[in-house]
**Q** 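Mind having a look at this structure? Questions to follow.
For clarity, every value in this text was computed on a predicted model and none was experimentally measured.
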Amino acid sequence: MKKMLTAVLITGILALTTAWSSELMSSSNSGGVSSLRGNVAISAINQSESLKKNKKDSGLIDLGYITQPPLIPHKIRGYRIDVLSNKCLSCHSWKNANENNATKISVTHFRTRDGAVLSDVSPRRYFCLQCHVPQTDAKLIVGNSFKPVKALQ
Ligand code: HEC
Ligand code: HEC
């Protein structure tokens with residue numbers, strides 16, 4: 001009898017929580033307070049942009065100007081850069097570049113800001129994505145008529 005009661009109780013609680021959470025998910029239960037946007041869920045009027053697709057890996061991307069950090073011509077999803085490891089360097093370091101057919105990081109990446117040349121990548125060049133970015137198929141938000149200098153055309 002006791003077991004039966006417990007089972008009934010648990011089922012009841014489960015049903016209640018499911019109903020309550022689906023209520024939370026499906027409608028904007030504002031508790032009687034109406035917001036400026038009206039009584040609608042944000043997701044109903046403000047859909048988030050879908051994720052943009054990475055451009056297909058297709059060889060190096062031309063530079064726009066001389067000292068530009070080259071754009072990343074490949075996917076980087078899941079490439080970790082933290083204090084213990086740097087996925088980018090597992091292909092782009094001078095040691096690993098040849099074997100991976102990747103471009104070596106530039107000599108400038110070994111220099112400190114005072115011009116001293118270190119034996120490994122300089123801390124100010126460690127977080128690659130500060131300067132190098134991949135490209136997606138996103139539409140331009142504003143037009144751009146920038147043309148590279150003649151030497152790069
Ligand atoms: C699995 C190996 C691998 C990893 C990891 C990797 N890359 Fe690359 N990367 C390559 C290869 C190979 C190329 C050359 C592509 C080609 O020639 O088509 C390249 C090209 C590049 C270029 C263009 C170089 C140029 O001269 O135009 C940049 C910039 C770059 N990668 C940055 C990065 C960054 C930043 C990361 C980490 C977020 C990273 N890569 C991780 C293999 C890798
Ligand atoms: C502070 C900005 C900055 C950071 C951080 C940075 N780079 Fe660069 N990178 C540049 C610039 C600018 C160039 C082009 C001019 C030069 O060679 O210094 C470049 C050039 C390169 C090149 C092309 C070299 C060549 O010979 O054509 C590769 C590959 C590269 N970076 C990879 C990386 C990787 C991998 C990291 C992270 C470990 C990294 N960079 C961090 C700015 C940066």
**Q** Please say yes or no: joined through hydrophobic side-chain contacts below 4.5 Å, possibly via intermediate residues, are Val121 and Val117 part of one cluster?
**A** yes

**Q** Using side-chain contact (heavy atoms from CB on, under 4.5 Å) as the criterion, list what pairs up with Asn98, not counting sequence neighbours.
**A** Lys104

**Q** Looking at Asn144 and Phe146, would you say the former's side chain and the latter's main chain have a donor-acceptor pair under 3.5 Å?
**A** yes

**Q** Got a list of side-chain donor-acceptor pairs under 3.5 Å for residues 73-84, not counting sequence neighbours?
**A**
{"residue": "Arg80", "atom": "NE", "partner": "Asp82", "partner atom": "OD2", "Å": "2.8"}
{"residue": "Arg80", "atom": "NH2", "partner": "Asp82", "partner atom": "OD2", "Å": "3.2"}
{"residue": "Asp82", "atom": "OD1", "partner": "Leu84", "partner atom": "N", "Å": "3.0"}
{"residue": "Asp82", "atom": "OD1", "partner": "Ser85", "partner atom": "N", "Å": "2.9"}
{"residue": "Asp82", "atom": "OD1", "partner": "Ser85", "partner atom": "OG", "Å": "3.4"}

**Q** Is there a side-chain contact between Ile105 and Cys128 (heavy atoms, below 4.5 Å)?
**A** no

**Q** Of all residues at least two apart in sequence or in a different chain, which pass the side-chain contact (heavy atoms from CB on, under 4.5 Å) check with Cys91?
**A** Asn100, Ala102

**Q** Between Cys88 and Leu129, is any pair of side-chain heavy atoms under 4.5 Å apart?
**A** no

**Q** Looking at Asn96, I want to see if its CG is surrounded by more than 12 non-hydrogen atoms of other residues, nucleotides or ligands under 6.0 Å.
**A** yes

**Q** What residue pairs, at least two apart or across chains, pass ring pair (Phe, Tyr, Trp, His ring centres under 6.0 Å) with a residue in residues 121-144?
**A** none

**Q** Once side-chain hydrogen bond (donor to acceptor under 3.5 Å, both in side chains) is applied, do any residues pair with Asp120, and if so which ones, sequence neighbours excluded?
**A** none

**Q** Please confirm whether the backbone N or O of Arg111 pairs with a side-chain atom of Arg125, one donor and one acceptor, at under 3.5 Å?
**A** no

**Q** Sequence neighbours excluded, which residues qualify as side-chain hydrogen bond (donor to acceptor under 3.5 Å, both in side chains) partners of Glu49?
**A** Lys52

**Q** Connecting only ILVMFWY residues whose side-chain heavy atoms lie within less than 4.5 Å of each other, what is the rest of Leu60's hydrophobic cluster?
**A** none

**Q** If I take atom OG from residue Ser48 and atom CD1 from residue Ile42, how far apart are they, to the nearest 0.5 angstrom?
**A** 11.5 Å

**Q** What's the shortest heavy-atom distance between Ile45 and Arg37, and which atoms?
**A** CD1-CD, 3.5 Å

**Q** May I have the list of side-chain donor-acceptor pairs in residues 136-143 shorter than 3.5 Å, sequence neighbours left out?
**A**
{"residue": "Thr136", "atom": "OG1", "partner": "Ala138", "partner atom": "N", "Å": "3.2"}
{"residue": "Asp137", "atom": "OD1", "partner": "Lys53", "partner atom": "N", "Å": "3.1"}

**Q** Does Ser106 have any side-chain hydrogen bond (donor to acceptor under 3.5 Å, both in side chains) partners at least two apart in sequence or in another chain, and if so, which?
**A** Thr108

**Q** What residues join Leu71 in its hydrophobic cluster, counting side-chain heavy atom gaps under 4.5 Å, either direct or through other members?
**A** Ile61, Val133

**Q** Of all residues at least two apart in sequence or in a different chain, which pass the side-chain contact (heavy atoms from CB on, under 4.5 Å) check with Leu152?
**A** Leu63, Ile66, Pro148, Val149

**Q** With sequence neighbours excluded, give me every ring pair (Phe, Tyr, Trp, His ring centres under 6.0 Å) pair touching residues 83-112.
**A** Trp94-Phe110

